[in-house]
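The structure appears below as structure tokens.
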Amino acid sequence: MLRTLLLLLGFLLTASLAVAEESQEAKGTHGVVATVHPIASRIALDILKDGGNAIDAAVGAGLALGVVDGFNSGIGGGCFLLIHKADGETVALDGRETAPAAAHRDMFLRDGVADPDLSRKGPLAVGVPGALAAYEWVLGHHGSKSIAEVIRPSAKVAREGFTLGADYVRRLKSAEAKLREFPGAAAIFLNDGHALEVGDQLVQKDLAATYDGIAQHGIDHFYKGPIAQAVARWMKERGGLLTESDFASYAPIPRVPIRTTYRGYEILGFPPPSSGGVHVAQILNILETFDITRLSAADRTHVIAEAMKLAFADRTHWLGDPGFAKVPRGLIDKAYAVKLAGKISLEKASPVPSHGLPPKADEEWFGKHTTHFCVADGQGNWVACTQTVNTTYGSGIVVPGTGVVLNNEMDDFAAQPGKPNAFGLLGADANAVAPGKRPLSSMSPTIVLQDGRPVFSVGAAGGPTIITQALQAVVRRLDFKRPLAECLGQARIHHQWQPDRLLVEESLDADIQRALRAKGHQLRPSKGIGVSQAMARHPDGSLGAQSDPRIEGSALGY
Ligand code: GLY
């Protein structure tokens, strides 16, 4: 016991704490919310106070983020919603974009070689958006309010404008050149060809009109009405593939959540086409074979990095849309984890030449793209939602008159085996482009249950680091019982097998970094890895929510 306490104390002293002192966990008994933006959190909290449940509030937050954080997500993109309801029902709703009907395997090849410009910006980069259809589905099945009720507050913000903060402007500046290429986007986000500045007001009248249209006519306004028509017309004139029929036939897909156990807790994750649930579960299964609270901080960090590497090697080979590729369920088999754990040496970083064979059973900031938010209400409904337009401002396209930033999610397919996407991720046949297929994602909304009730939830933004951020937060919470601010604030690492390098936040303790180098890891220091949001239920029954201390996010409760 004393030894455990001393080890824990050692961990606390050696692990670098990047937690901002002022970072406060929001508390409440009636409801909590955490998002990356105060306006989105406020809108969600107001919906809860107005009698809405966590599903209503989550949709309100998602729609608000499309206005105030539109470079990360919006109705021109997609989302995964993971819900645990007070009655014990679990919902995993896939609102991922789909490839248009005219998409084909080699559509991003030019002279036989993948051209990343084609999959990352402009007309071919865009998948059929899914977020709005998913919002309506969850409201209809599990909410208590209509889309009109939850969209109106965000329409107002779009119409009246909001003041730009430093996070927004930093991201806007990083996408300035791309936005300049698309007059519809430039007219909204640039001023004389240059990014708006901190303190400027961003007014989005076209987006407000689109939200108003949805409030008035329902989501058909988007999928079967003027928005689909305008986008299809624009695409046709510019060689894009999206048609009105692609929009009209979009449907979100209810899926079965990934479930695993970790040290007595039950972990719910998002299934394919997300790789998140599978690999968070797989890495936890590997870590469970180690007594990680007894390892030194350096050994523990090393083991976690090695487990990440093994999981990402599997991701590259096996993962894709389950409607098109057979994703082996054995990837989350405990026996397979034991086998993989056997490949980890405590002494040195081991090469992982290729993927494993699971048993058959049935930028400098390394991308903060995407956004995660979470809401819980006093009745016991929990929602964890990650949504995205992929990289900053997606494809860069805003079709004039719509105000909607269109995603570049087609880049999440493997354009060509062996060619990395925007996140350096490789893919295989399982994630090749095909009509109607959903590109593989890393989005990892996660809910942890104890005795059948949620006690912790986390999710993140930042490409493949989403998986490893969620994983590290779960370990900090479940193994080390850390407060939410530390679960998110402590220095992070990330390994994705290829490229073979270990990303570490610069704030990671220097001794740990030295020890990792000595074991053979190629370290790549990073100012920051991603952005996470989390929630918890405390032993006294109260709720807590936390936004990532790395950003000017917002957690609220009442
Ligand atoms: N577009 C990032 C992801 O879905 O993983």
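Whatever order the structure lists them in is the order used to number ligands and atoms, beginning at 1. Each residue takes its place number in the sequence, starting with 1.
At a 4.0 Å heavy-atom cut-off, ligand 1 touches E409 through the side chain alone. Under 4.0 Å from ligand 1, the heavy atoms of R96 that appear belong solely to its side chain.
Nearest to atom 2 (C) of ligand 1 by heavy atom, out of D412, L425, N72, is D412. Of all the listed residues (S442, S73, G394, A422), S442 holds the heavy atom that lies closest to atom 5 (O) of ligand 1.
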key: Derivation and outcome, salt bridge (charged side-chain N to carboxylate O under 4.0 Å, His left out), residues R524 and D500   = CA-CA 10 Å; R524 165 137 184 245; D500 185 6; over 6 Å; no
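Scanning the protein for heavy atoms near atom 4 (O) of ligand 1, the closest one is S441 OG, 2.7 Å.
The local environment of NZ in K419 is sparse, with at most 12 non-hydrogen atoms from other residues, nucleotides or ligands closer than 6.0 Å. The neighbour count for Q522 CD, taken as heavy atoms of other residues, nucleotides or ligands under 6.0 Å away, does not exceed 12.
Here D94 pairs with R255 in a salt bridge; the nearest charged N to carboxylate O distance falls below 4.0 Å.
Each of R238, K121, R120 was checked for a salt bridge (charged side-chain N to carboxylate O under 4.0 Å, His left out) with E181, and the lone residue meeting it is K121.
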